[in-house]
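Model, not experiment: these values are computed from the prediction. Order of the sequence lines sets the chain letters (A, B, ...), proteins ahead of strands, with each chain counted from 1.
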Amino acid sequence: MNFQIADFTRLIPEFLILAIAALVLLGDVLTRWSKGKEALAERTGEAIAMTLMGLGLAFVMVLIQGGFFNWVQIGDWKFYNFSIFQNLRTSGLDGSILGGAFVVDPLTHIGRLIFIGAAFVTVVLTGKARPSNNPAEFYALILFATLGMIFMTAGGELIMIYLGVELTSIPLYVLAGYFRRDPVSTEAGAKYYIFGALSSAILLFGMSLLLGLTLMNGQTMNATPTSLSSVKTAIELAFANPEGPSQGVAILGLLFILAGMAYKVAIVPFHAWSPDVYQGAPTSMTAFISTASKTAGFFLIYRVLVTGFDAPSIMGTAAIGTPTSFGGWTSLVAILASVTMLVGNLAALPQTNAKRMLAYSSIAQAGFLMLGLVGTQRDSSISLLMYLIAYTVTNLVAFGILALVEDNVGGTDFSNLNGLGRRSPGLALLLTVAILSLAGIPPLSGFFVKFYVFIAAWQEGAKWLVIFAVSNTVISLYYYLRFLKAVYFAPAETEEPIKVGFGPGIVMTALTLLIFGLGIVPTWLYGVLEQATIRIGAR
Amino acid sequence: MLNEFIKFSDWSITTLIALSPLVGMLLALVFPKPAQNSRTIAWGVFAWSLVPLGLTLFLWLSGGFNPALASVTGDQAMIQQVDRVRWVPFFNADYFVGLDGMNFPLVFLTTALTPVCILAAFRIKQRQNVYLALMLLLESAMLGYFVSLNFLLLFLFWEFSLVPMFFIINNWGGENRRYSAFKFFVYTMAGSVGMLIIFEFIYLATGTFDLVVLSRLAQGLPVDPALLAPKLGAGYSNGATLQSMLFSAVEDVGLTNILGNSNGTPAAIIFWCIFVAFAVKLAVWPLHTWQPDTYENAPTSGSMIVSAVMSKMGAYGMIRLMIMLFPKQTHHFAPILAIFALASILFGAYAGLAQTNLKRLIAYASINHMGYVLLGLAAAASAAPESLGNLDLNIRISALNGVQAQMVAHGFSTAALFFLAGELYERTGTYQLDQFGGLRKVMPIFAGIMGVAMFANLGLPGLAGFVGEFFIFRGAWGTQPVITTIAVLGLIVTALVLIRMYQKIFYGPVNHKLTNLPDIKVGDWAFNVTLPLIIVLLVFGIYPKPLMDLSNYAATVMAQVFTSL
């Protein structure tokens with residue numbers, strides 16, 4: 001329960017991000033004060049530089065702490081004990097802090113890397129969508145949201161999870177509505193806020209039911225009543241006694257929690273906010289919301305379901321026709337998955353705005369992702385995590401290119417992409433790779449992860465779902481190819497190339513190479529992810 | 001178990017052949033700017049492209065690849081010079097490349113034609129080193145495709161081969177290049193998506209992507225269960241075939257309610273998906289419409305490689321993935337395949353008659369020739385009439401051998417034709433047939449070389465084109481007599497098309513604008529490009545035995561599958 005001094009080192013990346021966020025805000029006060037353009041540019045540059053440096057530092061630290069550099073041999077160096085590298089390496093060992101409220105395990109490390117990386121890319125991409133006043137707020141909010149996402153991933157206890165969700169959401173509401181003069185952006189912010197607040201309330205209600213359940217089972221003496229492990233024991237107890245009233249409470253709690261989390265990751269039927277928000281928010285923010293925020297949501301769902309609800313009685317199976325038959329949350333997830341991908345795909349077909357279409361495509365992708373959640377076997381877990389990583393990278397490229405085009409052309413309709421292949425062949429190529437990866441064309445990472453979740457779901461017995469998902473990939477091809485049609489077929493209004501800064505260019509190219517790398521050698525993440533899933537308890 | 005039908009390589013020569021062009025590609029790209037368009041790089045790339053050819057010839061002549069080698073149990077041809085390394089463990093997929101009688105002739109075709117095409121690409125002036133690097137990338141992708149024995153790997157190379165070709169057409173092509181490049185890309189891709197999805201399903205049903213294992217399953221030959229991924233499929237038991245495993249997977253999913261309870265339906269659906277993917281590539285009617293545009297708008301050396309080698313990727317895919325994995329379905333649907341083949345033959349020939357553009361004319365002639373390839377495959381798989389008796393096996397073997405010979409011969413002759421068409425364009429600035437006339441008087445050697453290429457293309461005895469067509473027709477008469485009778489019409493019309501082309505260019509009154517065109521001189525560049533092509537056409541026309549020996553045993557094994565059906 002207590003906070004030990006040794007726990008501090010495990011939280012170094014979080015403290016670092018917090019400190020950087022504070023510094024960005026403070027630094028803004030200490031820079032030039034004036035209404036002029038130059039002052040604004042100076043303040044913006046300073047905020048961006050500090051944010052990027054902080055995120056980069058945090059990223060490297062997580063890499064070292066997470067044991068990704070354990071292959072480096074230091075040998076018998078004289079100042080062995082004083083080496084920062086060596087100290088960092090031993091400081092991030094696995095463990096639970098604050099009585100299991102904050103869990104440090106490989107999953108947390110992976111989450112940190114994804115969120116910090118995505119935040120880094122987002123900041124690089126802000127480009128012309130930069131804030132017109134008080135720039136530091138904008139970047140500090142990104143940092144706070146990143147922090148919240150890490151808490152969501154690491155939360156091993158209901159209150160911490162709730163805090164993480166709120167810490168993520170509130171900055172994102174502000175960021176989505178950041179262009180106050182633009183009615184679309186304001187609408188996005190307001191809509192996001194209202195839906196988000198509602199879903200938080202639902203989530204909290206579900207949590208209170210679960211708390212009631214654990215207290216009812218009277219195991220408050222030796223464990224935190226709100227921790228996921230207590231929830232698990234309480235549910236097992238509840239199902240051990242089918243006569244008692246607590247079974248219903250457990251199921252209700254699960255349903256409410258699932259609904260609350262489904263809002264965050266835009267699963268049908270809780271998806272209605274996402275197209276409007278994605279379209280209205282500044283494009284770089286859309287990239288952030290659609291990748292990091294969604295990934296954090298899935299990490300949360302994964303941890304909650306696998307550590308809190310993996311009792312076979314409430315898990316059930318998504319297989320049809322076997323003696324154990326359909327039931328439990330796995331089948332609920334399977335149904336939600338099929339509805340989500342179908343609605344996402346069908347709604348994406350008639351869109352004329354590329355950003356909005358990508359929003360629906362993200363919904364469909366969430367449906368495919370959920371194929372990794374229809375069971376808790378190791379293949380399911382690994383494929384889910386692998387999909388999340390590939391999805392984050394790919395969507396960052398897709399939205400990133402859109403953001404770059406929007407900066408130059410001023411819109412994100414398909415007509416704004418017309419003739420991109422002629423205007424900027426390089427950008428067009430990157431966008432093509434990202435789109436083909438989303439469509440699941442080999443050898444890009446999108447194919448391998450998609451096929452891997454198919455295999456996983458098939459092994460879990462949800463064969464009908466796999467067939468359904470496969471037929472959905474065919475639908476999705478149509479609207480993804482519309483991108484290519486606009487880019488390569490439609491005539492360009494001008495031949496003028498699109499100006500891309502050095503930073504965004506490098507970042508987008510690197511991410512595209514990552515799409516290829518994850519596709520051609522899909523095994524190089526396997527070991528890490530396997531560790532993460534073993535540690536969390538996937539069988 | 002594995003060693004019974006696989007013979008590992010001692011020094012990874014198959015991998016070397018397939019991937020060595022990639023090193024050359026990198027070398028061509030890293031040279032500093034000032035030297036970019038110099039001949040040094042071009043000659044360097046050319047020399048590099050001789051490496052895979054040298055290795056292939058070494059294998060062929062030294063006996064490192066023995067086409068007549070049977071597997072230990074004698075139930076299939078031995079796959080030789082194999083490299084097999086774990087690639088994606090969670091998909092039970094290996095990096096698995098090897099050679100057998102079905103892909104070796106095509107490996108030879110690719111490695112032999114690429115140096116010629118690279119030599120022909122010396123005409124390219126803009127960013128020549130990039131162009132040559134793309135050629136090497138294309139060679140590597142195509143070789144990789146031919147030698148891959150794992151579906152995932154094969155598909156990866158298949159997709160990769162589109163990329164360099166797309167850029168070759170898009171950046172260096174003719175008038176309509178952007179449209180053609182995109183059409184080429186989308187057509188092939190769209191065609192193959194169905195196949196990809198189908199193979200995902202095959203993997204779920206059987207637990208392997210390994211094409212050798214799958215073909216053994218398809219024929220009901222014993223398979224080591226350890227080669228199949230556990231937890232997937234309906235579980236392999238002795239006597240299970242690919243067809244029955246697919247059916248039980250479909251049953252498991254509950255799709256039998258929709259598809260009906262027939263054992264063969266799933267396999268039949270899969271068969272057609274695979275057929276469509278490769279029919280697009282082979283330009284079978286009615287999926288051929290991308291092909292004339294592509295051939296017309298690609299730069300000369302691009303047309304050469306796409307018509308000579310890339311279209312064979314379709315035929316090879318049909319052999320490796322369609323016929324070898326679904327022999328029963330191929331047997332069952334062979335008459336329909338034959339009708340598609342007939343349509344391609346007739347359509348290609350008659351459409352060729354109407355062309356006024358030289359390159360489009362050759363393109364339609366190619367559709368016609370690829371029609372013969374499909375006819376040969378259909379004939380080998382068709383049910384034979386009782387009256388054939390002992391000849392049954394024999395005619396199937398000759399049809400399959402004919403297919404291989406036709407692919408190689410058409411590759412060489414059509415490459416020569418496209419090159420000469422390009423040279424005519426360089427000299428006259430047009431592809432329009434009515435702009436030429438009487439050029440034989442102006443350029444006698446040019447006319448001679450083009451004559452050889454043209455006659456080889458239409459299948460004159462003594463030249464390589466004849467061998468393939470002869471064997472295909474010999475096989476086809478036996479099993480598909482009616483369709484073959486009509487197809488003979490195509491044979492005559494193609495001859496007419498090509499001879500009419502030749503006549504319009506080289507005979508008749510001399511166009512007064514074209515009186516002082518430079519002829520090809522013995523020993524100059526254009527002569528050197530065409531000489532190896534002509535030599536190969538002559539050698540294999542007079543003495544086709546070495547070529548036929550390559551595929552003969554593999555064809556025999558395959559034909560036996562069909563005689564027993």
Side-chain angles (χ1 to χ4, degrees), chain A residues 319-322 377-379 382-383 386 419 421-422 425 429 432-433 436 439-444 447-448 450-452 454-474 476-478 481 484-485 487-489 491 516 519-523 526-527 529-530, chain B residues 86-93 95 141 144 151-160 162-163 166-167 170-171 178-183 185-186 189-190 192-201 203-205 207 209 229-234 248-255 257-259 273:
Chain A
I320 291 180
T322 47
Q377 279 178 31
R378 200 168 299 156
D379 268 334
I382 298 173
S383 66
M386 212 180 256
R422 194 168 300 190
L429 185 68
T432 309
V433 171
L436 290 181
I441 303 290
L444 303 168
F447 163 74
F448 281 91
K450 212 171 254 180
F451 186 46
Y452 197 15
F454 290 171
I455 293 178
W458 186 276
Q459 286 176 358
E460 298 284 359
K463 299 181 177 177
W464 60 275
L465 183 60
V466 175
I467 298 295
F468 187 77
V470 167
S471 34
N472 260 285
T473 57
V474 182
S476 71
L477 268 180
Y478 173 75
L481 282 179
L484 302 191
K485 190 179 156 221
V487 169
Y488 288 104
F489 252 2
F516 269 104
I520 296 172
V521 196
T523 40
Y526 188 82
L529 299 181
E530 195 181 24
Chain B
R86 199 103 270 238
W87 175 34
V88 193
F90 44 91
F91 293 171
N92 189 21
Y95 169 80
F151 175 76
L152 270 189
L153 193 63
L154 179 132
F155 199 82
L156 196 139
F157 282 117
W158 164 274
E159 299 268 285
F160 253 117
L162 296 180
V163 178
F166 174 81
F167 284 108
N170 194 51
N171 295 357
R178 293 213 165 82
Y179 170 78
S180 310
F182 193 72
K183 195 171 177 184
F185 192 85
V186 167
M189 188 98 113
S192 56
V193 163
M195 179 174 74
L196 176 66
I197 288 170
I198 280 305
F199 266 88
E200 291 182 1
F201 180 74
Y203 178 76
L204 293 174
F209 276 125
K231 293 198 224 171
L232 288 172
S248 53
V250 169
E251 212 173 18
D252 254 10
V253 179
L255 276 178
N257 299 329
I258 307 167
L259 296 176
C273 285

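- With a 4.5 angstrom heavy-atom cutoff, B/Val88 touches chain A via backbone and side-chain atoms both.
- Ranked by heavy-atom pairs under 4.5 Å with chain B, the list A/Pro443, A/Ala439, A/Ala462, A/Pro442 is led by A/Pro442.
- Comparing A/Val521, A/Leu484, A/Leu465, A/Thr473 by heavy-atom pairs within less than 4.5 Å of chain B, the highest count is held by A/Leu484.
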For this session: Under the side chain to side chain contact (heavy atoms under 4.5 Å, CB included) rule, what do A/Phe448 and B/Leu152 come out as? Steps first, then yes or no, please.
Result: CA-CA 10 Å; A/Phe448 281 91; B/Leu152 270 189; 4.1 Å; yes
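- Proximity of A/Tyr488 to B/Val186: side-chain heavy atoms (C-beta onward) are nowhere separated by under 4.5 Å.
- Both the backbone and the side chain of A/Ile455 come within contact range of chain B, each with at least one heavy atom under 4.5 Å from a heavy atom of that chain.
- At most 12 heavy atoms of other shown residues, nucleotides or ligands fall within 6.0 angstrom of atom OH in B/Tyr179.
- With a 4.5 angstrom heavy-atom cutoff, B/Glu159 touches chain A only via side-chain atoms.
- Proximity to chain A is limited to the side chain of B/Phe167, based on heavy atoms less than 4.5 angstrom apart.
- For a residue to count as touching a neighbouring chain, one of its non-hydrogen atoms must lie under 4.5 Å from one of that chain's; by this rule B/Phe166 touches chain A with the side chain only.
- A donor-acceptor pair under 3.5 Å links the side-chain atoms of B/Trp87 to the main chain of A/Ile520, judged by distance alone.
- Contacts between B/Phe160 and chain A at a heavy-atom distance below 4.5 Å involve the side chain alone, from C-beta outward.
- One distance of note links CE of B/Met189 with CG of A/Leu481; it measures 7.0 Å at 0.5 Å rounding.
- In summary, of the residues considered (B/Phe151, B/Phe91, B/Phe201, B/Phe90), a ring-ring contact (aromatic ring centres under 6.0 Å, His included) with A/Phe451 occurs for B/Phe91 alone.
- For A/Leu429, the part lying under 4.5 angstrom from a heavy atom of chain B is the side chain only.
- Counting only heavy atoms from C-beta outward, the side chains of B/Glu200 and A/Trp458 never approach each other to under 4.5 Å.
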